[in-house]
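This structure is a prediction, so every number in the text was calculated from the model and none was measured.
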Amino acid sequence: MYRVIEVANQLGVSKVTIYKKISLFKKELKPYIHKKRNITFIDDQGVEIIKESLIANHVIADSTDKDNQIDELNQALELHQSQVKLLNDRLIETEKAHMEDLQLLVSTLEAQVNLKKTQIESKNRLMRNFKDLVAYNKSQIKRIEEKIQVMDEA
């Protein structure tokens with residue numbers, strides 16, 4: 001047996017609502033209502049009658065409705081979680097492909113840099129050779145000019 005306040009708390013309504021239901025269903029609840037020292041007690045069957053009335057009037061939700069809503073929410077959550085996982089997997093695959101493309105680009109650029117380094121080294125070698133040839137030609141021209149001057153003086 002429960003006090004009115006306990007029934008109200010259990011069902012999530014006010015004491016006034018419980019007392020209104022008691023007066024509204026006086027005949028049906030009479031065998032389930034007991035008064036002791038001016039405190040109203042309701043047994044389990046009376047609580048059930050009041051609960052069904054509250055559910056029928058949409059004052060409170062039926063526990064099976066709550067269970068159904070919980071099941072629906074769980075199913076929706078599972079669906080969303082699977083969609084998130086699928087999107088994450090796609091994103092990871094896309095990022096992997098992008099990383100592979102970037103790695104290929106990096107290796108291509110490294111090969112180009114190495115080729116340019118080789119070309120610069122070759123150009124520098126040719127420049128040194130050209131400078132040596134120019135210096136040699138200058139010395140040869142100077143030597144020939146000295147020979148011509150010597151021949152002119154003779």
Side-chain angles (χ1 to χ4, degrees), residues 1-22 24-25 32 40-154:
M1 293 216 305
Y2 304 96
R3 293 183 307 165
V4 171
I5 188 69
E6 293 171 334
V7 174
N9 289 339
Q10 180 182 0
L11 298 177
V13 295
S14 68
K15 290 189 307 184
V16 173
T17 302
I18 300 299
Y19 281 117
K20 283 182 181 178
K21 291 297 177 182
I22 289 172
L24 188 64
F25 295 104
Y32 311 115
T40 305
F41 290 92
I42 308 169
D43 66 15
D44 289 333
Q45 292 172 323
V47 171
E48 197 58 38
I49 292 170
I50 293 171
K51 181 179 176 182
E52 287 175 12
S53 170
L54 291 170
I55 290 171
N57 293 331
H58 303 292
V59 175
I60 63 171
D62 187 7
S63 61
T64 56
D65 286 343
K66 287 181 184 177
D67 291 342
N68 289 340
Q69 288 175 349
I70 289 171
D71 289 343
E72 288 173 9
L73 289 173
N74 282 333
Q75 289 173 355
L77 177 64
E78 288 174 6
L79 175 65
H80 290 309
Q81 285 174 335
S82 66
Q83 289 173 342
V84 166
K85 184 183 180 326
L86 178 66
L87 290 174
N88 279 339
D89 291 345
R90 285 184 186 169
L91 180 62
I92 288 170
E93 288 301 316
T94 302
E95 288 300 314
K96 281 182 182 177
H98 186 64
M99 290 297 291
E100 289 172 0
D101 290 345
L102 289 175
Q103 287 172 341
L104 180 61
L105 179 62
V106 165
S107 63
T108 302
L109 291 174
E110 285 174 345
Q112 289 178 355
V113 166
N114 289 334
L115 177 63
K116 291 298 176 189
K117 283 181 181 177
T118 304
Q119 289 174 343
I120 288 171
E121 288 173 7
S122 176
K123 178 202 67 106
N124 287 340
R125 207 172 29 257
L126 289 172
M127 288 295 289
R128 281 192 302 273
N129 289 344
F130 182 72
K131 284 180 183 178
D132 290 345
L133 283 173
V134 168
Y136 177 75
N137 283 344
K138 279 185 181 180
S139 69
Q140 288 295 346
I141 290 172
K142 192 174 186 182
R143 200 172 59 91
I144 290 174
E145 284 177 348
E146 287 175 0
K147 277 188 181 183
I148 290 174
Q149 197 175 25
V150 169
M151 287 168 118
D152 279 345
E153 289 177 5

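- Side-chain atoms of Ser122 do not come within 3.5 Å of backbone N or O of Thr118 as any donor-acceptor pair.
- Here the straight-line distance linking atom CD1 of Ile55 with atom NZ of Lys51 works out to 5.5 Å at 0.5 Å rounding.
- Atom-to-atom distance recorded for Lys138:NZ and Glu145:CD is 12.0 Å, nearest 0.5 angstrom.
- A distance of 11.5 Å separates CD of Glu95 from CG of Asn88, quoted to the nearest 0.5 Å.
- For the atom pair CD1 of Ile120 and CE of Met127, the computed distance is 13.0 Å after rounding to the nearest 0.5 Å.
- Looking at heavy atoms from C-beta onward, Ile50 lies in side-chain contact with Ile22 at the 4.5 angstrom threshold.
- Val150 pairs by the side chain to side chain contact (heavy atoms under 4.5 Å, CB included) definition with nothing, not counting sequence neighbours.
- Every side chain to side chain contact (heavy atoms under 4.5 Å, CB included) that Asp43 has, sequence neighbours left out, goes to Met1, Tyr32, His34, Gln45.
- In this structure, Leu102 CG and His98 NE2 are separated by 4.0 Å, a value rounded to the nearest 0.5 Å.
- Across every non-hydrogen atom of Thr17 and Ser14, the tightest pair is OG1-OG, 3.0 Å.
- Looking at residues two or more places apart in sequence or on another chain, you find no side-chain hydrogen bond (donor to acceptor under 3.5 Å, both in side chains) involving Lys147.
- Scanning all heavy atoms of the two residues, the minimum distance from Lys21 to Leu54 falls at CE-CD2, 3.6 Å.
- Remark: the backbone N or O of Ile49 is not paired with any side-chain donor or acceptor of Ser53 at under 3.5 angstrom.
- Residue pairs that meet the salt bridge (Lys or Arg N to Asp or Glu O under 4.0 Å) test with at least one member in residues 75-89, sequence neighbours left out, are Lys85-Asp89.
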Q: Starting from the C-alpha separation in whole Å, work towards a yes-or-no answer on side-chain contact (heavy atoms from CB on, under 4.5 Å) for Arg90 and Glu93.
A: CA-CA 5 Å; Arg90 285 184 186 169; Glu93 288 301 316; 5.7 Å; no

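- In this structure, the side chain to side chain contact (heavy atoms under 4.5 Å, CB included) partners of Glu52, at least two apart in sequence or on a different chain, are Glu48.
- In this view, Arg143 and Gln140 satisfy the side-chain hydrogen bond (donor to acceptor under 3.5 Å, both in side chains) rule, not counting sequence neighbours.
- Counting heavy atoms from C-beta outward, Arg128 and Arg125 have side chains that approach closer than 4.5 Å.
- Looking at Ile18 and Leu11, their side chains come closer than 4.5 Å, going by heavy atoms from C-beta outward.
- Between the CD atom of Gln10 and the CD1 atom of Ile42 there is a distance of 10.0 Å, given to the nearest 0.5 Å.
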